[in-house]
Enquirer: 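Have a look at this one before I ask anything.
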Amino acid sequence: MRIGFLLNGERVEADAPPTRTLLDWLREERGLTGTKEGCNEGDCGACTVLVTDERGARALNACILFLPQLRGKAVRTVEGIAGPEGALHPVQRAMVDHHGSQCGFCTPGFVVAMAAAHLNGDCDHDAALAGNLCRCTGYAPILRAAEAAAAEPVPDWMRDRPNPDDAPPAGSGGAFLPRSADELAAWYADHPDATLIAGATDVGLWVTKGLRDLPEVAFLSGARDLARIEERDGRLWFGAGATMTEVLEAVRDRFPSWAALIGRYGSAQVRNAATIGGNVANGSPIGDNPPVLLALGARLHLRRGEERRVLPVEDFFLDYGRQDRRPGEFLEGIDVPLSAPGLRVWKVSKRWDQDISAVCGAFDIRVEDGRVVRVRTGFGGMAATPRRARALEAALEGRPWDEATVEAAVPALAEDFRPIDDMRASAAYRLEVAGNLLRRYLHESRGAAVSVRAVRP
Amino acid sequence: MSVHEPAPHDSALLHVTGAARYTDDIPAPAGCLHLAFGLSPVARGRLAALDLGPVRAAPGVVAALAHGDLRRPADVAPVAHDEPLLCDGAIHYLGQPLFVVAATSHRAARRAARLARVEAEEEAPVLTIDDALAAGWRFEEGPRIWQKGDPDAALATAPRRVRGRLEIGGQEHFYLEGQAALAIPGDDGMEVHCSTQHPSEIQHKVADALGLPSAAVRVVVRRMGGGFGGKESQGNHLAVACAVMAEATGRPCRMRYDRDDDMTITGKRHDFRIDYDAGFDAEGRLLAMEVVQYARCGWSQDLSLAVCDRAMLHADNAYLVPHARIVSHRLRTNTQSATAFRGFGGPQGMLGTERLIQHAAHALGLDPGAVRRLNFYPPATGGERSGPGTGTRLRAVHSPALDRSTPYGMEVEDFILHEMTDALLASSDFADRQRAVREWNSGNPVLKRGLAWSPVKFGISFTLSHLNQAGALVHVYRDGSVLLNHGGTEMGQGLHRKVSQVAAARLGIPLDRVRIAATDTARVPNTSATAASSGADLNGMAVQAAADAIRERMARHLAALHQARAEEVVFADGTVRVGADAMSWEEAVDACYLGRVSLSATGFYATPGLEWDRVRGRGRPFFYFAYGCAATEVVLDTLTGESRILRADILHDCGASLNPALDIGQIEGGYVQGAGWLTTEELVWDAKGRLRTHAPATYKIPAFSDRPAIFNVRLWDAANRAETVYRSKAVGEPPLMLGISAFLALSEACAACGPHWPDLQAPATPEAILRAVARARGA
C-alpha cells in the first residue's frame, strides 16, 4: 500500500506491504543505514527514530513500527538530526566532546533519543534513555553529553510540521486505517479475523520474530477518539488507544504509585507507541497494567458494531491466551475510580528499567481506625492470567492493620497462586516476594525506607 | 605530541551522524543473496533425516545446502578442527546449524530456514557441570593441575581453614551489532567483509573451506559494533557460510544473525564452579589454598583451553600464596561452545579467590580489606616507579629472599597495588563510609547497604606465546598524508585512534594528517586476533617501527641534502628541522620523494622475554601486569532482593596512558560490563538444553540507570616498567574485573542481615540475593 509522510524534511511515499517495518524500509529501500538493527524487538533502541505529529514529537523504535502507522507524520532518522549544511546537533557535538561513542553502533539510536528529549525539554535522562542499550561505555559519558547539551537551543530544523491533510490518502492493500471508533466498529464487525494494531509493540514481534504474515490488519492510531483520557460519569476513562506516555501523564498526580510503575513500562520509545488497551487486550499474564487495574476495580468497555458491554477487568482474563472478547469485538476503553489513596503497586524484575516482572503486585488497601476496611489486589507473574488474590484479601479485610494481620495473611497467597519456574524467577521466589510486597506495604506505611532507588548515595 | 592526548575516537563524527558503516551497512552488490541457518531443535542426538524440499520451494529461495551438499568439508573451529560448518550427523547442541539457505532477502531466508523437515534421534543431553562430570565429558585427558610448594601439608597445619563453593554464571556478549559477513566472489578469489576480531583466521577458514590458498582470500574489517571476545572465533560460521554459498551460486552472499539466532548459536563466557579450600593464620595471612575450577566449555573446544589456563593464571589475583594447588576441569556439554569474553577466564579465576578472601575475613571476624592488604604481593622494588604513595609499606621490603612468585613461578616485579589502594581508599573516603554504612544499616529494617573494594592484577600477553606479534604498513604519500594499516581491528576500543597517535608522534605531524584504513589481510598478513587487551601494545609497536623506518630514511636523505648528520634531523609539530634549517613536513616528504626515497614501510613487533609451559604451569607467560582497584557501595532490599549500585570509585593503571579519554572509557565501560555479569545478567537453559534467555527481553544487560549513581574514575598515570609503546599499559580487559567489587559489596550487604555466611552466588540476581539474605539470617 502507499503511505505518504515526511522523511528528514522531505515528502516521501512508501509503497510497501502494510507490515513492512520502517527499519527495514529505511535500510533496504532508502539506503539510510544509520538506523541500526540491534534486536528487532524494541528492546535495545539502536533503531530509534523521531516521529512528529499533531500530538508532538517523540522517540519510537523503527524495528517494530509499521509504515502505515506513519501516514501523514514526520520521521527524522539520525541522518536528519544534523543540520542541512552538516551542522551538528548539540547532542551530536556533546557526544563527540564527551567521548559518548565507542563502537558507535548504539550511538545513532542514542543521538535520536537524546535529540527527542532535548526537543521536548526533557531533562530526566534516566527516563529518556532507559530504552537505549550500550555495551561499551557504561553510560557515564553519554549522561555527561546529555547534560552538556541540555542548555543548548533546539535547532530550527528539528521542528517538523507535518500536515496530515497533505498526505495522500492511504491506498488500500490489506490494511484498514479507521479515523474513528465508529469506523473501526463497523469494519471490524465485518472482518472479525483481522488483526488490530495500535502501537505494534506486541504485534510487531509477530512479524519480526514470528515471521508471520498478517493477511488483514487495521491500524488504530488514526482513530483519535479512541485515545481520549477524561472524566466520565465520576470515573476516569482511558480510551483503549491512549499511549502509555499519555496514561503516565494522566495518572502522575492521581495515582503516583501507578505512575512510578509506568515509568518502568518498557522504555520511552515503547511507552510512546504502546497503548493501555493493547496491554490489557493481549491478555499477557505479565502485562504491567492489569495488576493495577485489578486492584482499582477497573471496568472494561467492549464494543462490537454498535453493541457495547461493560465487564469488570477480572472477568476478562479467562485463561492463558484466552480472554472474554467475542469475534469482531474490541476494547474501546477502560475506566477506574478517580482516586485511590491506598493504591501501591510494585514490579520486581532482574533489571529496574525495561524488564518484565517476575512478580508484580498491586494493593488498594483502605484503613480506617486502624482496621482494614477494604482491600483489593492484583498480581502479575503469579498465574496464567493477571489475578486478584482473593484469599489474601479475605485474610486482611476487617482485621487490624498490623504486623500480626499481615503475617497471618501472607500464607493465604499459597491458596491464591501456584506460580511457575521460568527464566525470570522460581516459583518459590515468586510466592515469597508476593508476600513480601504486602510486608513492604506495611513497612512503608510506617515510614521505613523501602525503595533501593530512593536511597541517596 | 599526539600521544597521551585525549583525542576523540577516530570515528566519533561518523558515529554520531549515522555515517559509520558496519558490515551489514555496506550496500548490497548486485545479485546479492541473503543467508540464514536452519537450527537444531534438540540438544543432542543423531540427525536421522533432513528434508530441505520445503525450504527450496519457499518464495525467494535460490539454494539450500546441508553438510552432504558441500563440495569440501568446511570447518569453522579456531583451534581443534572440531566444528563442522553444518551438522555432519551428530547433533551437539540446541541451535547448532544444520543447513544454510540462500534467498533474495534476509526475511525470505529466515522464513525458509524454518520450513525444513528435521528428524532427530534425540538423546539425553549433557548440560550441566554435574552432568559432564558424571559422564566424564571433558577436553584434554584430565584436569590440569599446577602447584606451588606443598599445599596439602600447609593446609593440614593451618590454624584456620575456610572451604566453600561459588557458582559463577556465564555472560552473553551482547555486542550491539550482531554477527555479520559478506562474501564477494571475484576472479582472484574471495573477498570477505566480516565483523570479526580475527580477520586472519577468517581468511584461513574460508581458504580451507574453498580449497584455496590463503593468498586468494582477502578479509576486510573496517569496524565492529562491539566485540568483547564474541567476535574472536564466532564470526567464522557466517563468513565461511557466505563464502561457500558464494562459490556455489557465483553470487555475492551476505548474512547477519537475527538477535535471537545470534544468542542461540554463538558461544558466551564460560560459567564456572569454583571449590576452594584455604588455610589462614589467625591474623588472616593466607598460608595455602587449593582451588578447583570447573568450566563448562560447551560442545566444542573453541578457545576453552586457553580460557581455562587464564582462569588458573588469575587464581592468585593480587595475593601471594606460599603453597597453592590450582586444578582446572574443562568440561564438555551439549550447549553453545563457550568462547572468549573480555578477561578470557581471568574474571572467573579472580572472582573465586576474591570470594575466598571475603569468606575467610567473615570466618575470622576480620575486615576483608585488611585481609586483602595483608596478603598482597610485595611492592615493586627498583625499576622506574613514579606516582604518589610509592613509599614502602610492607615489612621486609628489601629482603632479597622475599617470595614474590605466582603459583606458576613468575615473579611479580611490578606490583603497585599497595600505593594504589592507599590512594583509592583515601579518595573514596572509604573508612568513614564504612562506618556510615554500618550506622545506616542499624537504622533500616528493610534496606541494607554494603561497601567493598577489590584489587585487580591482570597478566598482559597472549598465553600462546607465538601470538604476541604484530605487523603494520605505513604509507606516506607525496602530499604528506599518511595512510596507516596494522593488524588490529577496531571494535570500539579506540585502537585506531591510539595507533594513529603513535604514528603522528613518531613522524612529528598533526593527528589529522594520519588516515586509518580498514584492517585488511591483503595489506598486513598473519595477524593475531585483536584480543588479550594486546591491540595497542602489539600494533602500536609495529606502527612505531614502520613509522621510524620511514623517518630514518627521510632523516638520512635530508641530512645528506643539508650536510648534516641524520641524528640532527628533528620531526616535530608538522615541521622538519635539519640543524638551523626548517621545512614543513610536506616539503620534507616531497624532497624525499624527489630524492627517490621509499616512503612506505612495514613494521613488525614481537613481545620479548616470554617463556611458558602451559602443561606444567611454569614460566613467564606475561610481559607485565596491569593493575586496578575499585570500591563499590550498594544497597539491597531484603524483601525482594532488588539492588542498586550507589557509588563506584576506581583507580586504574594504564601505565603512561596513550589516550586518557579512551582509557577512561574502557574503564567505565568495563566496570559496568563486569558488574552486569555479576548482577542482572543471567543465562538460563531449560532441561532440554534450550537457552531461554535469547533476546534482550529476557537477558538483561545493564541499562542507562544501572550505572553507578556516583562514578569516579581516575587513572594511575605512571609509566609502565616494561618497555611498551610510550610506556603505556593494555586496558581492554582488566577494568572488567573491577566490577567484582560490586558483587563483593552485595555480599557485604547480605552479611549485614545476620550473623551467618551469606554464600551469595553469581550472578547476584534479586532471587540470589534473597536466598543469601535468608542464609545470613540462618533461615
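Letters A, B, ... mirror the listed sequences (proteins, then strands); counts begin at 1.
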Enquirer: Side chains of T107(A) and H15(B): any donor to acceptor distance under 3.5 Å?
Expert: no
Enquirer: Is it the backbone or the side chain of R449(B) that comes under 4.5 Å from a heavy atom of chain A, or both, or neither?
Expert: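 It is the side chain, since no backbone atom gets that close.
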Enquirer: Tell me, side chain or backbone of V16(B) under 4.5 Å from chain A's heavy atoms, or both, or neither?
Expert: both
Enquirer: Is it true that R111(B) and D213(A) make a salt bridge, defined as a side-chain N closer than 4.0 Å to a carboxylate O?
Expert: yes
Enquirer: Which residue out of Y671(B), F704(B), W440(B) racks up the most heavy-atom pairs below 4.5 Å with chain A?
Expert: F704(B)
Enquirer: For D262(B), which atoms come within 4.5 Å of any heavy atom of chain A: side chain, backbone, both, or neither?
Expert: neither
Enquirer: Heavy-atom pairs under 4.5 Å with chain B: which of M423(A), K350(A), R351(A) has the most?
Expert: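 Highest number of pairs under 4.5 Å: R351(A).
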Enquirer: Which residue in the set Q666(B), H9(B), E668(B) passes side-chain hydrogen bond (donor to acceptor under 3.5 Å, both in side chains) when paired with Q102(A)?
Expert: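 Of the listed options, the one satisfying the test is Q666(B).
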Enquirer: Measure distances from S11(B) to the heavy atoms of chain A and classify the residue's part below 4.5 Å as side chain, backbone, both or neither.
Expert: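 For S11(B), neither part sits under 4.5 Å from chain A.
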Enquirer: Examine whether an atom of A180(B) lies under 4.5 Å from a heavy atom of chain A, and if so say whether it belongs to the side chain, the backbone or both; otherwise answer neither.
Expert: neither
Enquirer: Please look at N444(B) and chain A and tell me whether the side chain, the backbone, both or neither of the residue comes under 4.5 angstrom of a heavy atom of that chain.
Expert: side chain
Enquirer: Could you tell me whether R456(A) and E633(B) make a salt bridge, using a distance below 4.0 angstrom between a side-chain N and a carboxylate O?
Expert: no
Enquirer: Taking side chain as everything from C-beta outward and backbone as N, CA, C, O, which of these in R114(B) sits under 4.5 Å from a heavy atom of chain A? Side chain, backbone, both or neither.
Expert: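 Only the side chain of R114(B) comes within 4.5 Å of chain A.
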Enquirer: To the nearest 0.5 Å, what is the distance between CH2 on W346(A) and CD on E642(B)?
Expert: 10.5 Å
Enquirer: Answer with side chain, backbone, both or neither: which region of W685(B) has an atom nearer than 4.5 Å to a non-hydrogen atom of chain A?
Expert: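 Neither part, no heavy atoms under 4.5 Å.
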Enquirer: Is it the backbone or the side chain of Q493(B) that comes under 4.5 Å from a heavy atom of chain A, or both, or neither?
Expert: neither
Enquirer: Check this for me, if you would: do D25(B) and K36(A) make a salt bridge, where the nitrogen-to-carboxylate-oxygen distance has to be below 4.0 angstrom?
Expert: yes
Enquirer: Identify which part of A703(B) has an atom lying under 4.5 Å from any heavy atom of chain A, answering side chain, backbone, both or neither.
Expert: both
Enquirer: Quick check on R771(B) against chain A: is it the side chain, the backbone, both or neither that has a heavy atom closer than 4.5 Å?
Expert: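 No part of it gets close to chain A.
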Enquirer: Determine, for D260(B) against K209(A), whether the closest basic-nitrogen to carboxylate-oxygen distance falls under 4.0 angstrom.
Expert: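 Salt bridge between D260(B) and K209(A), a charged N being under 4.0 Å from a carboxylate O: yes.
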Enquirer: Are any of the side-chain nitrogens in D637(B) or R453(A) under 4.0 Å away from the carboxylate oxygens of its partner?
Expert: no
Enquirer: So which part of F711(B) gets closer than 4.5 Å to some heavy atom of chain A, the side chain, the backbone, both or neither?
Expert: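 The side chain, not the backbone.
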Enquirer: How are the rings of Y22(B) and F105(A) set relative to one another: parallel (under 30°), tilted (30 to 60°) or perpendicular (over 60°)?
Expert: perpendicular
Enquirer: In terms of heavy-atom proximity below 4.5 Å to chain A, should L636(B) be classed as side chain, backbone, both, or neither?
Expert: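 For L636(B), backbone heavy atoms alone lie under 4.5 Å from chain A.
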Enquirer: Need one label for L770(B): side chain, backbone, both or neither, based on atoms under 4.5 Å from any heavy atom in chain A.
Expert: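 The side chain, not the backbone.
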